[in-house]
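Below you'll find the structure, written out as structure tokens, and then a few comments.
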Amino acid sequence: AIRARPGADVKAAQDDSALAAHDLLAHVRNQRIERGMAERVARDVLRGDRAQAFEQFEQRLATLSLDEPAPLIVWPEAPAPFYPDRPEFHDYISRIARDGNANFLLGGVAYTKDGAPLNSAFLLDRAGEIQGRYDKIQLVPFGEYIPPAFSWVNRITGEAGDFRPGERVVTFEADGHRFGVFICYESAFPGLVRQFTNQGAEFLINLSNDGYFGDRAAREQHLDLVRMRAVENHRWILRATNDGITAMINPAGRVTKTIPQHTETSELLRYNYASDQTLYATWGDWFPWMCLLASVGTVWKALQRNVDAG
């Protein structure tokens, strides 16, 4: 969970165990959390007491989210799905928003009208009601969906996801300001991220689950992608991760604060709003495309001169 205060300290909480009850044992095996807590949760799951294990997990998340007041609470993308539309879980997250008197952003699973799953970000207001939802548009091939040319993969494994891509960019409003949320791998698509700014986002948030990177350089690379998006859009970006590098990034692309990795914790982070539009946010990739056209034209003229000279 991350808690944020514009123009002041922002409360950010990083959860190394943000996942659904049925995957708690897998999480204990794969994530680095406090040994004593891991052993207790594993023991409860092995005994079949999933309800108790999940209750303990919920209590830890609530404690991380509410230990200091802030107007915005943010949870990272989870390694196993939350279902904010389900009554029991909705009641739980609603209580957190109400008890903290805060807007509350988290990742979870939504569904299309025909029942297909969506990787989504949900915003709850201070009254605990869902005020908006953004559905991830750029899905990870073979992780969240199977490209049509490789549909045979589904016949040999059930591990690949079957998510449906979102269809539109959405910005959220909280306390009179607008912000945009892009999810995980979408940080690699500058043309997508700039659309949030064009729709009035004054601040950006990246929700990500980086647990599958391990300790490899991909963690830093993923962070660097987000730093580039901050520069291109001249926006503060809060990067909230599960078992990754949780950080606040200023509009110049500099990391102003990080949370220690492999820890279950929360932190207040500082950010601000901006409303200016950069050339890139307004016009996109026109400059590199113009460079490409100029290069092609130059090569074409050179070939023509060679032909005429021959």
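- Under the 6.0 Å distance and 45° angle rule, R86 counts as a cation-pi partner of Y83.
- Here the two rings, on F196 and Y134, have centers that are under 6.0 Å apart.
- At least one donor-acceptor pair closer than 3.5 Å links the side chain of T112 to the backbone N or O of A116.
- In the model, N242 has no side-chain atom that pairs as donor or acceptor with a side-chain atom of D210 under 3.5 Å.
- Of the N and O atoms on the side chains of D85 and H90, not one donor lies less than 3.5 Å from an acceptor on the other residue.
- Here the two rings, on F172 and F179, have centers that are under 6.0 Å apart.
- Counted by atom type alone, T241 and T246 present one or more donor-acceptor pairs between their side chains at under 3.5 Å.
- Both I130 and F104 are assigned to one and the same hydrophobic cluster, defined by single-linkage of ILVMFWY side chains at heavy-atom distances under 4.5 Å.
- Under a hydrophobic-cluster definition in which Ile, Leu, Val, Met, Phe, Trp and Tyr are linked whenever side-chain heavy atoms come within less than 4.5 Å, directly or via other members, V170 and L192 are assigned to the same cluster.
- Between H234 and D276, the closest heavy-atom pair is ND1-OD2, 3.0 Å.
- Placement of V226 and V140 within a single hydrophobic cluster is found when ILVMFWY residues are connected by side-chain heavy-atom separations under 4.5 Å, directly or transitively.
- N206 and E186 are not linked by any side-chain donor-acceptor pair at a separation below 3.5 angstrom, with hydrogens and angles left out of the test.
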